[in-house]
Amino acid sequence: MTLLQIRDLNVVYHGSRGAVPAVRGVDLALEAGRTLGIAGESGCGKSTLAMAVLRLLPRSATVSGEILLSGEDVLTMGWGRLRAVRWAGASIVFQGAMHSLNAVQRIGPQIAEPILVHENVTKAVANRRAAELLEMVGLPASHARGYPHELSGGQRQRVMIAMALACDPDLIVADEATTALDVMVQAQVLELITGLVAERGVGLVMISHDLSVLSATCDRIAVMYAGRVVELGAARELFAHARHPYSAALGSAFPIIGDAASRRRPGGLAGDPPDPADPPPGCSFGPRCPAAVAECAEAEPALLALPGEAGRRSACFVAQSGGAVRGETRGAVR
Ligand SMILES: Nc1ncnc2c1ncn2[C@@H]1O[C@H](COP(=O)(O)OP(=O)(O)OP(=O)(O)O)[C@@H](O)[C@H]1O
Ligand SMILES: [Mg+2]
């Protein structure tokens, strides 16, 4: 059975800016033991999607569609079941989570806590598991006695991964889990996550701005723009041969894995993504697109399978009619 199946997911925030449609009509699937990358610039809806999977969105958000975790719909399950699923079924490593460790509690008990709460084991057993988990993420078990401030950023991020693994989840969602780390540490932590995923047959959803990081670590990639998936395909092929102009720009943005400077200016791509509360007519990427044709201002292209390109989908009229997606460079697209 498919581990995670998302069907026609829509999320709208209601707040001071009126209705903000942050995720629009997203369909995605992930099999056990596989990895799915989600790429896109800031504000494209990546974290909203991640939070929807574990029903962690604020009350101001309305959600529609289906999120099936091993066949069970997360959006309609009762609270008791949801609590159980949040630990044993799926767990999430949040964006910037390494800053959310409790500063005045030792590391070991913080890792042992979910094990104690959700499994019927003694404190000694939970502590032993915590020590094993630390070793699994490459930290000496003696760190269990230490406090978060005694660890480096990379070590704290490893502790977060240990916590995510504590109750042996089937699915891990890692939201920019390595973005704040320097390049060397980022590579180590990524290797660690993907190694654990392969070893344990866990499903991984990995969210990043950085398409090159995702192409090196994931099986498949979904590129999001303005709340929609605009391209979907096998990771390496998508990175090497984008079939949506936005993916092409995002791909050329990160010539070096984890390069911090290019992270701030994706590909020198001119302009910003649209405000989801006030989208442009037609294709959301149209106003920034180097390959846009007249049709692009008229209607929003659907995400369609491209003939002859196995498993590849693109929401681009130009790609769908067999054209080149890079077009004439407009603005500063490299
Ligand atoms: N609680 C909220 N209320 C209203 N709007 C929100 C809320 N949270 C997020 N948004 C809006 O929803 C859109 C998507 O935000 P989201 O955090 O999902 O983006 P993201 O792709 O994770 O970006 P980043 O790369 O910066 O983390 C943005 O336009 C954001 O302003
Ligand atoms: Mg985010």
Side-chain angles (χ1 to χ4, degrees), residues 6 9-28 36-65 67 74-75 91-100 157 160 164 172-181 186 190 193 204-214 217-218 221-232 244 246-247 249-251 253-254 258-267 269 271-280 284-285 287-288 300 315:
I6 299 176
L9 181 70
N10 290 277
V11 180
V12 181
Y13 291 108
H14 302 273
S16 50
R17 293 166 63 230
V20 179
V23 170
R24 299 183 294 139
V26 167
D27 293 293
L28 287 172
L36 172 69
I38 304 205
E41 276 166 289
S42 188
C44 285
K46 306 180 300 295
S47 296
T48 302
L49 178 70
M51 288 189 289
V53 168
L54 285 183
R55 230 165 90 191
L56 291 167
L57 289 166
R59 279 164 186 272
S60 64
T62 49
V63 185
S64 69
I67 299 174
V74 177
L75 296 178
S91 61
I92 185 162
V93 182
F94 279 113
Q95 194 162 9
M98 62 192 202
H99 305 293
S100 69
Q157 203 59 42
M160 295 310 301
I172 295 180
V173 181
D175 187 356
E176 306 276 12
T178 62
T179 305
L181 305 175
Q186 184 176 9
L190 284 173
I193 298 179
L204 174 70
V205 175
M206 174 116 87
I207 295 173
S208 175
H209 293 67
D210 190 332
L211 204 55
S212 64
V213 161
L214 295 178
T217 46
C218 295
I221 291 177
V223 177
M224 285 186 77
Y225 191 77
R228 297 180 69 216
V229 174
V230 295
E231 186 169 3
L232 184 67
H244 190 288
Y246 181 59
S247 319
L250 207 58
F254 301 102
D259 177 30
S262 56
R263 182 184 302 144
R264 287 191 291 274
R265 271 185 65 74
L269 188 61
D272 291 302
D275 178 357
D278 182 24
S284 328
F285 188 58
R288 300 170 82 191
E300 187 147 52

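Just so you know, ligand 1 is whichever comes first in the structure, and atom 1 is the first atom listed for that ligand.
Proximity of His209 to ligand 1, defined as any heavy-atom pair under 4.0 Å, is confined to the side chain (atoms from C-beta onward). At a heavy-atom cutoff of 4.0 Å, ligand 1 is contacted by the side chain of Pro276 but not by its backbone.
Under the 4.5 Å side-chain criterion, counting only non-hydrogen atoms from C-beta, Val223 is in contact with Tyr246. No side-chain heavy atom of Pro276 sits less than 4.5 Å from a side-chain heavy atom of Tyr13.
For atom 2 (C) of ligand 1, a protein non-hydrogen atom is found at a distance below 4.0 Å.
Scanning all protein heavy atoms for the shortest distance to atom 25 (O) of ligand 1 gives Lys46 NZ, 2.8 Å. Closest to atom 31 (O) of ligand 1 among all protein heavy atoms lies Arg17 NH1, 3.9 Å. Protein heavy atom at the shortest distance from atom 14 (C) of ligand 1 is Gly43 O, 3.5 Å. Atom 26 (O) of ligand 1 has as its closest protein heavy atom Ser42 OG, 2.5 Å. Closest to atom 4 (C) of ligand 1, if we only count protein heavy atoms, is Tyr13 CB, 3.3 Å. When hydrogens are left out, the protein atom nearest atom 27 (O) of ligand 1 is Gln95 NE2, 2.9 Å; that is the closest non-hydrogen contact. Nearest protein heavy-atom contact of atom 18 (O) of ligand 1 is Thr48 OG1, 2.5 Å.
The shortest heavy-atom contact between Val173 and Ala50 is CG1-CB, 3.7 Å. Nearest heavy-atom pair across Ser284 and Ala226 is CB-CB, 3.7 Å. Nearest heavy-atom pair, Lys46 versus Glu176, reported as atom, atom and distance to 0.1 Å: CE-OE2, 3.9 Å. Asp272 and Tyr225 make their closest contact through O-OH, 4.1 Å (heavy atoms, listed as atom of the first residue, atom of the second, distance).
Put simply, the side chain of Glu231 gets close to the backbone of His244: a donor and an acceptor are under 3.5 Å apart.
Atom CG of Leu56 and atom OG of Ser47 lie 11.5 Å apart (nearest 0.5 Å). With rounding to the nearest 0.5 angstrom, the CG atom of Leu54 is 9.0 Å from the CD1 atom of Ile67.
Looking at Gly45 next to ligand 1, an N or O pair under 3.5 Å apart turns up.
Under 2.8 Å from the Mg ion (ligand 2) lies no N/O/S atom of Thr48, from backbone or side chain alike.
With distances taken over non-hydrogen atoms, the option nearest atom 17 (O) of ligand 1 out of Ala50, Cys44, Ala61, Ser47 is Ser47.
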